[in-house]
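Below is one structure, written out as structure tokens; the observations come after it.
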2 protein chains.
Amino acid sequence: MRDWDRYDRQLLALLQEDALRTAEDLARDVALSPSAIARRVRRMREDGTIVADRAVVAEKIGPFLSAMVDVQLDRHALEPVEQLLRKLEARPEVQTILEVAGPFDLLVLVVVANMDAFNAFADAMLGSDPAVRRYETRFVKRRRKFTTAWPISPV
Amino acid sequence: MRDWDRYDRQLLALLQEDALRTAEDLARDVALSPSAIARRVRRMREDGTIVADRAVVAEKIGPFLSAMVDVQLDRHALEPVEQLLRKLEARPEVQTILEVAGPFDLLVLVVVANMDAFNAFADAMLGSDPAVRRYETRFVKRRRKFTTAWPISPV
DNA sequence: GTTGAAACTTAGTTTCC
DNA sequence: GGAAACTAAGTTTCAAC
């Protein structure tokens, strides 16, 4: 794998904020010509440094109910766990799946339309799954920050 | 605020996946002409339906250490709590802040370079803050899914 | 091998119906 | 909303370092 010089890191930091900035505009913040910038950005999109470019949609298109579900697994066999993870990953209601250290194994952030939909989701995905020992739910009252940006230092 | 017909919702669902798709390309999935699509997308970017367009950068630019911190607040006064939240929001190491129901009030996802940086962050931001009663940390072993996409139904 | 400028191509915007 | 003319941005080429 390649590595990233200060220009690449600057570009990544800026594109994390706004992926639609033009090369000419980026040249105001990065000391390279627009064509060099365009080349680097395209290359990083091609080689997987930039995994995706996504529109962030306002929460108001909802209404949405979010819940953080702490899941404790039955770790007697690996395959049922992998199956559960693949099942959860595939669901559009699941925004986040983190494997964590501690008594709970998984943190799953679920977004649904209302409480009925949450209960249906939990029953279908967790209540009946052989890999799930138990789970606890915390409902989200408010999102104060929600970003995928990494803290990229200029090296 | 306006509302969103099935075309808008289709476009939002598609742009959540790939914000760089051209209007011509989107016309393959949405039954509108490229010019109608371009108009709708531009309007949704202008009116705040699309809050931002962000590049998703691969985790391999790290190395990163992530931790989910459950924070219990001292809810005797509101202003110290708001101050803490603003302080956390401003930090690039903080990807997520969720206010939740239950014994803990805040879930904070923190990304740092290593364990020293985490301890420095926790000491500076939480250990010394008057609004924080206590906190518990779960370190992230793996991210299986991490997206900001809402589950948008076609209406 | 990468830069920067210019020619070229593609996509977005504006105008009109 | 859709089509065409127009404008702006991305891509390719090429000379220089």
Side-chain angles (χ1 to χ4, degrees), chain A residues 1-61 147-150 152-155, chain B residues 1-63 147-150 152-155:
Chain A
M1 184 23 79
R2 59 192 287 267
D3 53 7
W4 300 272
D5 65 15
R6 56 177 292 241
Y7 298 119
D8 290 326
R9 301 179 78 86
Q10 278 179 38
L11 290 169
L12 291 171
L14 294 167
L15 293 170
Q16 283 191 136
E17 294 299 313
D18 183 359
L20 301 186
R21 286 187 69 177
T22 65
E24 194 181 357
D25 185 32
L26 289 165
R28 270 183 265 278
D29 292 321
V30 178
L32 286 173
S33 70
S35 58
I37 289 173
R39 252 193 304 261
R40 281 167 178 259
V41 171
R42 177 161 31 83
R43 186 179 168 193
M44 290 195 289
R45 288 202 163 104
E46 283 168 1
D47 73 9
T49 300
I50 295 174
V51 173
D53 296 87
R54 300 194 196 281
V56 179
V57 175
E59 196 165 357
K60 64 185 175 194
I61 63 141
T147 171
T148 55
W150 302 109
I152 300 177
S153 55
V155 147
Chain B
M1 189 16 82
R2 57 194 288 266
D3 52 10
W4 299 272
D5 65 14
R6 55 178 292 241
Y7 298 119
D8 289 326
R9 300 179 79 85
Q10 277 179 38
L11 290 170
L12 290 171
L14 295 168
L15 293 170
Q16 283 190 136
E17 293 300 313
D18 183 358
L20 302 185
R21 287 187 68 177
T22 65
E24 194 181 359
D25 185 33
L26 290 164
R28 270 183 264 279
D29 293 320
V30 178
L32 287 172
S33 70
S35 56
I37 289 173
R39 253 193 303 261
R40 281 167 178 259
V41 171
R42 177 159 33 83
R43 186 180 169 193
M44 291 195 288
R45 289 203 164 104
E46 283 167 1
D47 73 9
T49 300
I50 296 174
V51 173
D53 296 87
R54 300 194 196 280
V56 179
V57 175
E59 196 165 356
K60 64 184 174 196
I61 61 143
T147 171
T148 55
W150 302 108
I152 299 177
S153 54
V155 151

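None of the values given here were measured: they were computed from a predicted structure.
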Report the distance from atom CG of A:D3 to atom P of C:dG1, rounded to the nearest whole Å. 15 Å

To the nearest 0.5 Å, what is the distance between CZ on A:R40 and CZ on A:R43? 8.5 Å

Donor-acceptor contact below 3.5 Å, side chain B:R21 vs main chain B:L15: no

Could you check if a side-chain atom of A:D8 sits within less than 4.5 angstrom of a side-chain atom of A:T49, using non-hydrogen atoms only? no

Answer yes or no: is there a side-chain heavy-atom contact under 4.5 Å between B:L11 and B:D29? no

Measure the distance from CG on B:L11 to P on D:dG1 and round it to the nearest whole Å. 10 Å

By the 4.0 Å heavy-atom rule, please label B:R40 as base, sugar-phosphate, or nothing. sugar-phosphate

Verify, without hydrogens or angle tests, whether B:W150 (side chain) and A:V57 (backbone) share a donor-acceptor contact under 3.5 angstrom. yes

Show the distances under 3.5 angstrom between N or O atoms of the protein and N or O atoms of nucleotides 11-17 of chain C.
residue	atom	partner	partner atom	Å
C:dG12	OP2	B:A23	N	3.3
C:dT13	OP2	B:R42	NE	3.2

Without decimals, in angstroms, what is the distance between A:L26 CG and D:dG10 P? 8 Å

Length of the CZ-C1' vector between A:R45 and D:dA9, whole Å: 13 Å

Rounded to whole angstrom units, what separation is found between the CD1 atom of A:I37 and the P atom of D:dA9? 14 Å

Measure the distance from OH on A:Y7 to C1' on C:dT3 and round it to the nearest whole Å. 11 Å

Any ion pair linking A:D53 and A:R45 (charged N to carboxylate O, less than 4.0 Å)? yes

note: A:W4, atom CH2; C:dT2, atom C1'; distance rounded to Å ~ 19 Å

